There are 2 protein chains.
Amino acid sequence: MGYQLELRHFNYFLAVAEELHYRKAAEKLCISQPGLSRQIKQMEEILEVKLFVRTKKKVSLTAAGEYLKSEIEFILNHLEVTKKQLRHIRDGNFGEVRIGFLGSAMQEVIPDLLIKLKDKFPGIQTNLEELSNNAQINAIVKDKLDMGFVRTARVPEGLNIQPVYTDTFSVVLPELYPLLTREFRDVGQLAEENFILFAQDYSPLYFDTVMSICEDAGFTPKVSHKSVHAQTIFKLVENNLGIAIIPTSLQYGFQMKVKFIELKNIPQRAVLSVCWKEDNRNPALRHCINLLLNQSR
Amino acid sequence: MGYQLELRHFNYFLAVAEELHYRKAAEKLCISQPGLSRQIKQMEEILEVKLFVRTKKKVSLTAAGEYLKSEIEFILNHLEVTKKQLRHIRDGNFGEVRIGFLGSAMQEVIPDLLIKLKDKFPGIQTNLEELSNNAQINAIVKDKLDMGFVRTARVPEGLNIQPVYTDTFSVVLPELYPLLTREFRDVGQLAEENFILFAQDYSPLYFDTVMSICEDAGFTPKVSHKSVHAQTIFKLVENNLGIAIIPTSLQYGFQMKVKFIELKNIPQRAVLSVCWKEDNRNPALRHCINLLLNQSR
DNA sequence: CTAATTGATAACCCATAGTTATTAAGTGTG
DNA sequence: CACACTTAATAACTATGGGTTATCAATTAG
C-alpha cells in the first residue's frame, strides 16, 4: 500500500528484464527467488502497471515493461556518471570526459587536445578508448562516451558533428617499389596493384572515398586485404602484399620499410570529425568542444 | 558499510538542499530530524563526498552538493515523466505530449494539430498550457514541456525550432476611425497615433518587428500601452486609447468594435514556430512534430 | 548569565526486505 | 497417463535498518 519506489526495484527489474527468468535473475542478484518475486510484484502495484507476462513457463515483458526497461537503463547510467563526477568535484577536479577515437586521431588531434586541456583545465580528467566509428557513435548515443573522433559524414539525430582536422591522402608503397616520387603523376599508374584498405564496416566513409579516388583515375581497384590497424596495413605493404591509400598524417609514428607519396592534386580529403551528444549534461565536455573548435579555426 | 543509495535519499537530500535547514526539511518530509540527519550522513558515506557544510547554525551546499542537486532534480523529473508514460501505455494510449503555446497559436495551428492528432493517433493525450515565449523555452529546456508554440528567432542550444505558420500583420483601428480601408496606403498615415503593443518581454521578436514596420514607413511610433492579451489590446483600441499592429490571424474569434486593415504590401511577417528539445525521449512528441511539419508544407 | 535555537548521538522499536519451506501449475519422457 | 522436474507464487518466519524519542553539545540572542 503506502510503499515507495526505490532504486533497489530498478536493479531487480533490470535483472528480470534481462534474464526473463526469476530464478536466474535472483541468483545474479544474490537474493532468493521468492524475495525477488515479491519485489517485482510490489513494483507493479506501486506503478499500477503490469510489467511482465508470466505464461506457460515463459516470462516476457509487456509494452510498458519494455519502455520502462530503456528508461531505467538510462536513469541508472546517468546516476553512475553523476557519481563519478561527484568524486571529481570533491577532489578539486572539474570532471571527467570519456573520449573515443579512431587510431588515426592519435597522431595529431588528440595529443593537441590533451596538452591544451592540461593547460587550460588541469582539473578535467580524460578517459580514452580506441573504437571504430560505429562503436563510438553507439556509445555516444547511450551516454557511455562523451565525445568521439570519427570519420563519417552522417550521424543519428541528437548528435552533433564538427570537422576538426582535414588531411590529404597518401599512397603507401614498399620501400623498393620501382616508382620514384618524381615519376609519379596519378593513382592510375597503380591500377594493376592489389589494394589494402581499412575494413568497410570499420569506416565506410574512408572506404568509399578511396574507391572514388581510384574511379576518378579511371579504374576499379582490386582489393586484396582489409584491416583495421594502420600498422597491419604498413606491414602488408612492406612485405609486397599490396599497396594502400591512407590519410597522410597516419604515416607519422611508424618505423616501417615503406614510402609515402602524398596525393596533393586530388580533391578528396580525409576529414576527422568530433562527435558528441547535443544534450550531454557533462559540463567538462563543453570545455573540450570549445577548445577543439576554436583551435582549429 | 554495505549500504545502498536509494530514491529515498534523493528526496531527503532535495528537501535539505532546498530548505538548508534540517528541522524544517524533516517537517516537510513528515519524518523526525534525527532520522533525516542520519540518512543524509549515510548518503555522504555511500557517495564518499561531503554534500553539506554545517557551520555555526548555517547549513549550506558544497560544490559537489550543488552539482548533485541539479542532477537529482533532473533524474526525479525524468522518473515522474516515465511513470506517467507508463500509465498511458498500459491504457493503450501512446503517450502524453505537454504543449505550451502563445494565445495567438490557438486561432489556427493548435486546433488543426489537435484534430489531426485525434484522427491519426487517438492514443496520444495532450496537455495544453498558455505561456509566454520565455516561459515556454525554459520549460522545454527543463523537460517540463515537450513542445511550445513561440514567436522567436533564436533558441538555446539543444532546442530545435521550425516555423509552422506565417502570417501578415494587420492594423487595428476603432470601428469609427475616420480612415476607410480603400483610402489606406501605408502605416505612415498613422504616424501620429498612440500605439498599443504586446509587452516586449512577452515577445521580443514581435516588438522589434512592429518597430521595424514603423521605421520602414519613416517614423518611430509613440507606444502608450503594452499588454500581453489580444483581448486587452482590442479593448483599448475600441475605447480610442490607441491603435495596434498585430498578426492578422489574431482578429478571428473576438467580438469587438474594431476594424482591421491587413498590411499586405510590407515584407514583415509574423512567424509562429514550434520549438522542442532535440533529445526529448517522448516518442509521442515525434509524431506530433511530424504531423505539424508535414501539414504545413 | 539564562533561554532557545541548531544539528548530532544514543538507544530503542517495528516495518519490511529477504529468508526457508511449501504449493500449484506446466513441461516433457517413457 | 504417471513420473520426475521444471517454473513462479504463497506462507510463515527472521533480522536488518529506517524511524522514533530522549538527550547532548554548540551557538546565538536577550
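Fair warning: this is a prediction, and the values are worked out from it, not measured in the lab. Only this structure's heavy atoms are used, side chains among them; waters, hydrogens and symmetry mates stay out.
- Residues B:V49 and B:E44 form no side-chain contact, since every pair of their non-hydrogen atoms from C-beta on lies 4.5 Å or further apart.
- Between B:F94 and B:H88, the ring centre distance reaches or exceeds 6.0 Å.
- Distances shorter than 4.0 Å separate some side-chain N or O of B:R23 from OP1 or OP2 on C:dT6.
- The nearest heavy atom of DNA chain C to B:K41 and to A:H9 marks one nucleotide each, and the one closer to the 5' end goes with B:K41.
- A:F52 comes within 4.0 angstrom of nothing in the nucleic acid, heavy atoms only.
- Put simply, CD1 on B:I31 is 14 Å from C1' on C:dG7, counting in whole angstrom units.
- Nearest to the side-chain atoms of A:Y3 among the listed nucleotides C:dA17, C:dA8, D:dT7 stands C:dA17.
- The side chain of B:P34 lies closest to C:dA10 when the candidates are C:dA10, C:dT20, C:dT6.
- Of the two residues near DNA chain D, B:S32 and A:Q33, the one whose nearest nucleotide lies more 5' is A:Q33.
- Atom pair B:Q4:CD and C:dT16:P shows a separation of 20 Å (rounding to whole Å applied).
- In this structure, A:Q39 reaches the sugar-phosphate backbone alone: every heavy-atom distance under 4.0 Å involves primed, P, OP1 or OP2 atoms, never a base.
- For the side-chain contact (heavy atoms from CB on, under 4.5 Å) test with B:L292, the passing option among B:D112, B:L117, B:V109 is B:V109; the others fail.
- OP1 or OP2 of D:dG19 has at least one side-chain nitrogen or oxygen of B:Y12 nearer than 4.0 Å.
- The side chain of A:Q42 contributes an N or O atom lying less than 4.0 Å from OP1 or OP2 of C:dA17.
- Of the side-chain N and O atoms in A:S37, none sit less than 4.0 angstrom from OP1 or OP2 of D:dA8.
- Rounded to whole angstrom, the span from the NE2 atom of B:H21 across to the C1' atom of C:dG7 amounts to 9 Å.
- At a cut-off of 3.5 angstrom, counting only N and O atoms as typed in the model, there is a donor on one side and an acceptor on the other between the side-chain of A:R38 and the base of C:dA17.
- Applying the ring pair (Phe, Tyr, Trp, His ring centres under 6.0 Å) test to pairs two or more places apart or on separate chains, none has a residue in residues 19-49 of chain B.
- Atom CZ of A:R281 and atom CD of A:Q85 lie 11.5 Å apart (nearest 0.5 Å).
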